[in-house]
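Being a predicted model, the structure only gives us computed values, none of them experimental.
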Amino acid sequence: MYSYSFEKLDVWKISRKLVVKIYQLTDDFPREEKYGLVSQMRRAAVSVTSNIAEGAGRKTAKDQASFYNNAYSSLVELLNQLLISSDLGWLSDEKLKEVRDQIERLSAMINSLRKS
């Protein structure tokens, strides 16, 4: 089976794992947040992977950088939402630290993509 270029990127593989983690974490959130914060967090996480994939498919460095910038912005948005979730008591300090470490690693990787 053919593999697309984005599927070979470690940053995409790690961001894909982050999506799964966010879905698992938000399963425990209050039901009334299903269409609020849960939906926003899941969309932001998926947006990171989608923008990396789309950027990898672009021909010019400028186009690629634009999508990698969008991926970074979605990652920062997700971190903000995780911090709010922690403030509301829906996310333990331990789980926040675990996912934040993953976000920091991804952030550095995406910044490298943006600069290359």
Side-chain angles (χ1 to χ4, degrees):
M1 176 172 19
Y2 178 78
S3 291
Y4 290 88
S5 61
F6 72 88
E7 293 176 288
K8 299 170 189 168
L9 295 172
D10 288 338
V11 67
W12 178 80
K13 292 174 186 175
I14 294 167
S15 65
R16 189 173 162 203
K17 289 178 183 176
L18 178 63
V19 171
V20 173
K21 182 74 172 174
I22 294 303
Y23 269 75
Q24 292 168 341
L25 286 175
T26 56
D27 272 346
D28 296 334
F29 281 29
R31 293 176 67 76
E32 63 269 13
E33 284 300 319
K34 183 177 181 180
Y35 299 107
L37 198 53
V38 169
S39 177
Q40 287 183 309
M41 291 173 71
R42 289 177 174 183
R43 281 194 321 260
V46 170
S47 178
V48 174
T49 61
S50 298
N51 278 294
I52 291 168
E54 192 163 355
R58 295 298 170 140
K59 297 211 183 290
T60 69
K62 184 177 178 181
D63 281 348
Q64 288 174 341
S66 176
F67 282 96
Y68 298 149
N69 190 52
N70 291 342
Y72 179 83
S73 295
S74 291
L75 191 62
V76 171
E77 176 185 357
L78 177 60
L79 175 58
N80 173 65
Q81 294 159 346
L82 286 161
L83 292 169
I84 291 168
S85 299
S86 176
D87 291 345
L88 293 168
W90 300 338
L91 193 61
S92 70
D93 290 343
E94 180 182 319
K95 288 182 180 179
L96 176 62
K97 183 186 179 336
E98 180 183 325
V99 74
R100 186 176 185 134
D101 289 345
Q102 196 172 4
I103 286 172
E104 288 176 9
R105 181 174 178 211
L106 275 171
S107 172
M109 294 174 86
I110 292 170
N111 274 328
S112 292
L113 278 175
R114 291 192 318 182
K115 292 176 183 175
S116 65

Residues that Asn80 engages under side chain to side chain contact (heavy atoms under 4.5 Å, CB included), provided they are two or more places apart:
Ile84

Heavy atoms from other residues, nucleotides or ligands near NZ of Lys59 exceed 12 (cutoff 6.0 Å)
no

Roughly how far apart are Arg114 CZ and Gln64 CD, rounded to 0.5 Å?
14.0 Å

If hydrophobic clusters are built from ILVMFWY residues whose side chains come within less than 4.5 Å, do Leu106 and Val19 share one?
no

Any non-hydrogen side-chain atom of Leu18 less than 4.5 Å from a side-chain atom of Thr49?
no

With the side chain counted from C-beta on, respond yes when Lys95 and Leu82 share a heavy-atom pair under 4.5 Å apart, and no when they do not.
no

What residues form a ring pair (Phe, Tyr, Trp, His ring centres under 6.0 Å) with Tyr23, not counting sequence neighbours?
none

Excluding Val20, membership of its hydrophobic cluster (Ile, Leu, Val, Met, Phe, Trp, Tyr; side-chain heavy atoms within less than 4.5 Å) reads none

Taking atom CZ of Phe29 and atom OG of Ser39, what is their separation to the nearest 0.5 Å?
12.5 Å

Gln81 and Glu77: side chain donor to acceptor below 3.5 Å:
yes

Step through the shown structure and confirm whether more than 12 heavy atoms of other residues, nucleotides or ligands are within 6.0 Å of CZ on Arg16.
no

With sequence neighbours excluded, residues passing side chain to side chain contact (heavy atoms under 4.5 Å, CB included) with Asp10
Lys13, Met109

Exam field: side chain Ser112 to backbone Ala108, donor-acceptor pair closer than 3.5 Å:
yes

Assess whether side-chain contact (heavy atoms from CB on, under 4.5 Å) is satisfied between Asn69 and Asn51, documenting all intermediate values.
CA-CA 8 Å; Asn69 190 52; Asn51 278 294; over 6 Å; no

If you round to the nearest 0.5 Å, how far is CG of Leu83 from CG of Leu88?
11.0 Å

List for me each residue that meets salt bridge (Lys or Arg N to Asp or Glu O under 4.0 Å) alongside Arg58, sequence neighbours excluded, and say none if there are none.
Glu54

Quick one: pull up NZ in Lys21 and CD in Glu98 and give me the separation to the nearest 0.5 Å.
3.5 Å

Restricting to pairs with a member in residues 82-93, which pass side chain to side chain donor-acceptor pair (under 3.5 Å), not counting sequence neighbours?
none

Measure the spacing between CG of Leu91 and NZ of Lys97 and express it to the nearest 0.5 Å.
13.5 Å

Give a yes or no answer on whether the side chain of Ser15 reaches the backbone of Val11 with a donor-acceptor pair at less than 3.5 Å.
yes

Does Glu94 CD have over 12 foreign heavy atoms under 6.0 Å away?
no

Do Leu9 and Phe67 belong together in a cluster built from hydrophobic side chains that touch within less than 4.5 Å?
no

Could you tell me how the ring of Tyr4 sits relative to the ring of Tyr2: parallel (under 30°), tilted (30 to 60°) or perpendicular (over 60°)?
perpendicular

Quick one: are Val46 and Ile22 in side-chain contact, heavy atoms under 4.5 Å?
no

Flag yes if Ile103 and Met41 sit in one hydrophobic cluster, no otherwise; membership is Ile, Leu, Val, Met, Phe, Trp, Tyr, and two members link when side-chain heavy atoms are under 4.5 Å apart.
yes

May I ask you to test the Val48-Leu78 pair for a side-chain heavy-atom distance under 4.5 Å?
no

